[in-house]
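Okay, so here's the structure we're looking at.
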Amino acid sequence: MMKTEDKYVEAGIPALLWLYPEIARLAPPGAAGTLAQRLGALARDLEPGASILAVDGGDVEREILFLDRGGAMRAVELLDSAPHARWILPLPGGAAAPEAVARALTAVREHPALFRAGGLVPYFVASAPGETREPVETRLLPAWSAILPGDAYPPAVRGALRELVRTLHPLRYPNFLALENYALLGADMPGDAQARRWTAPAVRRKPSKKRALIIAVEGTDGSGKSTHVEALRQWIESRGLSVRVEKIYRHGVFHDTVTRLTTLCAGDKNMHLWRLERIAKLFDSVKLFYSDIEGELSSTDVLIFDRYVQTHYAAAIGRYHYDPYGRELMSVFPAADRLFLLDAPVSQALDRIAERDELTVDENPYMIERYRHAFAGLADREGMLVLDATRAFEENRDRIRSEVGRLLPKRAEEKPAAVHHGAAPTGEPLATPPASESAGGGASAEASIEPAATGEPVDAAPSTLDERSAAPTTVAQDHAADGSAAQERPE
Amino acid sequence: MSKPLERLLIVQPPPLEYLPGLFLADTSSAAVGGDCARHATSERWRGRDVAFDPCTDGLTAPEKAAALVQAGWRHVAVAGAPADRVAVDILAGALEAAGIEVAPPAAAAAPGGKRGRRGAGLASRKTPLAPPPAGEAFVIVQPGRLLPPPWIVFEDTGDGRLVRRGPKLSGALPRWVETIRRVDAEDDIDMLSDVPGKLFAFEWMSAARRKRERQGVTARLARLIQRFGAERVLLRGSTHGPATAAAARDGASWAWRYGIDQPETRQLLIELCEECLPHHRHLLEAAIGYHEMCVDPLEEMYAGRGLIDRNAELIVNLVQ
């Protein structure tokens with residue numbers, strides 16, 4: 001048997017209930033159809049022009065009222081006689097919506113205290129169960145039925161509707177704004193939250209005996225990520241390990257498409273395209289995983305990411321206050337072994353960005369501050385080590401080396417077995433740390449990856465390292481090879 | 001020392017309630033509102049131009065700031081309870097951005113309205129009195145300290161009851177509510193008296209960490225609902241979070257007020273909803289999901305950071 005909450009989720013009604021939780025008892029779960037349909041069934045017998053339906057407790061007491069002065073006076077009597085009554089205001093959707101909303105707003109403005117005291121609930125009528133009507137073409141998700149009038153939601157109608165809700169339920173106004181926001185964005189955030197979509201599903205894949213160590217550096221634009229990533233790459237390479245630097249959050253690949261999508265949102269039109277912009281970037285990262293990163297996970301010692309999946313999360317939270325599909329799509333990426341967050345004040349980030357030739361859509365004070373806030377919120381639950389980017393570069397560099405150095409020995413200890421079983425032909429490198437290396441946990445790493453201890457020939461390392469040195473080590477270089485580097489820009 | 005103020009408006013951000021049908025409105029915030037309203041009234045009796053605005057007009061923070069600028073307010077103090085901390089910061093930031101001087105201290109005041117008193121002492125008697133903003137806010141005052149209409153005043157009788165002493169407006173509470181009775185998890189439900197218009201605020205959090213008591217709490221809530229009906233029972237949220245709670249993690253002060261930021265209280269709340277208030281289970285799941293997803297939709301909207309509000313700014317670099 002379907003549980004109560006599952007029924008709600010399936011019916012796609014949480015938005016209306018989130019705004020007006022008191023109407024849940026008017027159409028209890030278990031009945032057929034969505035809440036809007038069931039409310040529509042209650043209002044179905046209303047004559048044309050009838051606007052208010054009074055329902056008292058479980059016993060439906062129908063009072064057909066009109067939003068004129070006489071109706072309002074009648075409502076006063078009803079309010080006194082039925083203090084527990086629930087008042088709902090069915091509004092027609094589609095083309096009739098603008099006039100209906102305007103008429104309701106006029107009436108409510110005349111008697112705001114009256115209708116507020118009655119807790120009048122406006123909603124858009126949907127067809128009742130079993131009723132056949134012409135389907136309404138809409139971009140809205142089913143979850144938003146009864147919140148907005150189908151596809152007829154030009155800014156003028158939305159403005160009147162906002163004012164109607166604000167006048168009737170001032171304390172719920174932020175709730176309505178949130179629902180409108182996500183409805184236009186085309187994301188069902190309350191439904192997703194109920195369905196526990198914040199827990200990303202684990203991707204079923206063959207367990208890999210060996211996987212590259214994953215280090216990721218996160219931060220806002222201009223926080224110094226690329227500088228630290230390059231320093232870390234050189235340091236790890238100097239220890240004889242093969243390293244690759246990747247950027248999963250690529251500006252270049254879909255840049256033109258994304259730009260075109262977002263500019264179409266100017267003037268509050270086609271707001272749903274914001275979500276497509278986000279999804280385009282997510283899919284680009286997924287594409288990159290299967291084309292490049294999946295192979296590198298087994299052929300490289302260390303993968304350093306200049307931004308990782310957390311940037312997608314921060315971008316979604318910072319821009320849309322919500323992450324539609326991000327965690328599901330990004331679940332193909334393995335969890336990073338160590339995450340660093342370079343936290344830079346907006347002013348410092350802007351100073352660094354100012355040196356660049358061109359700005360991305362996000363490189364402005366508002367968005368940088370938003371991303372910084374989002375990263376701060378994610379830092380704890382994502383296990384990021386926060387570094388103050390205002391401190392000296394060397395200080396943060398040493399801290400990163402210290403943290404990464406603790407992980408390197410383990411990886412190095414695993415290496416001899418892989419080499420011993422004939423991994424060398426596929427490019428498996430050998431760790432040959434320079435004797436002079438001593439920074440950040442280097443001593444223990446040297447001891448554990450000493451070639452003599454493994455019994456493997458030392459001269460195996462140069463050949464594989466030479467092979468790797470011929471290959472590109474950064475994404476930008478990768479794209480330079482295939483001619484797409486022109487779209488890539490440093491962050 | 002701060003320069004003397006001419007006219008002072010004390011504002012309190014509106015409650016941003018994620019679970020209004022499940023939880024009683026924050027009584028701590030209502031107490032701050034009562035103190036501020038009471039203080040503004042007494043100051044006005046003394047001829048000082050002090051007013052209190054509970055921000056129940058449904059305006060977002062930037063809209064409110066613009067409205068106050070238009071109304072000629074130049075000095076504003078922002079008050080709030082611990083659970084209002086984020087909203088206080090948002091409102092204070094919007095006021096400052098609009099060119100209004102926010103009276104110190106900028107942080108939220110503890111219940112008792114010290115903020116209001118300190119700021120009001122700087123108000124001048126020389127300027128004409130401004131009309132007090134009308135409000136339908138739910139405020140709580142101490143016994144014998146009443147407020148004129150249109151305040152929805154509840155008097156704290158000191159014995160676990162709040163009794164209505166104002167007009168029957170709705171605001172954050174149903175208009176039929178005359179008395180709010182606090183019910184502790186240890187109370188004998190069968191001994192509670194019933195009168196029309198009584199709302200029961202069930203205190204459940206204290207037992208969350210004691211596993212043996214959980215079952216008892218659920219049983220008592222079930223009995224309470226059985227006796228008085230689900231419509232007359234609300235849960236009571238935490239009113240005094242830890243000092244750092246508001247700044248913890250993603251700053252979701254509402255999460256600790258509802259007890260969903262801690263595993264023990266969250267689990268008990270889910271059990272209570274499943275057993276006793278199944279109609280609210282889906283809303284609770286949504287609120288827990290917001291917390292887990294690091295989203296604060298109400299705070300974002302109150303700050304005027306919705307997609308529609310910021311669309312032009314979001315595409316600014318592309319248009320250029």
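Values below: every heavy atom of this structure, side chains too, minus hydrogens, waters and symmetry copies. Owing to the predicted nature of the structure, the values given are computational and were not obtained by experimental measurement. We name chains A, B, ... by the order of the sequence lines, and we start the count at 1 in each one.
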ring-ring contact (aromatic ring centres under 6.0 Å, His included) filter on A/Phe375, not counting sequence neighbours, yields none
Go through the atoms of [X] and report whether side chain, backbone, both or neither lie under 4.5 Å from a heavy atom of chain A.
| X | result |
| --- | --- |
| B/Leu307 | both |
| B/Arg305 | both |
| B/Leu59 | both |

For B/Gln262, the side chain to side chain contact (heavy atoms under 4.5 Å, CB included) test, sequence neighbours excluded, returns B/Arg209, B/Glu264, B/Thr265
Measuring heavy-atom distances to chain B, does [X] have an atom under 4.5 Å in its side chain, in its backbone, in both, or in neither?
| X | result |
| --- | --- |
| A/Leu184 | side chain |
| A/Tyr182 | side chain |
| A/Arg370 | side chain |

What one should report as the nearest heavy-atom pair of A/Pro174 and B/Leu16 is CG-CD2, 3.9 Å
Between B/Ile308 and A/Arg162 the two heavy atoms that sit nearest each other are CD1-NH2, 3.6 Å
Distance (rounded to the nearest 0.5 Å) between [X] [atom1] and [Y] [atom2]:
| X | Y | atom1 | atom2 | value |
| --- | --- | --- | --- | --- |
| B/Asp57 | A/Tyr173 | CG | OH | 10.5 Å |
| A/Asn181 | B/Arg310 | CG | CZ | 12.0 Å |
| B/Met301 | A/Asn175 | CE | CG | 10.5 Å |

Which is it for B/Glu17 and A/Leu171 under the side-chain contact (heavy atoms from CB on, under 4.5 Å) test, yes or no, and what are the steps along the way? CA-CA 8 Å; B/Glu17 295 282 359; A/Leu171 295 181; over 6 Å; no
TODO: Take B/Tyr290 and A/Met189 through the side-chain contact (heavy atoms from CB on, under 4.5 Å) test and state the conclusion after the steps.
DONE: CA-CA 8 Å; B/Tyr290 298 156; A/Met189 189 181 68; 3.5 Å; yes
Residue from B/Gly306, B/Gly58, B/Pro20, B/Gly21 scoring the most non-hydrogen pairs under 4.5 Å with chain A is B/Gly58
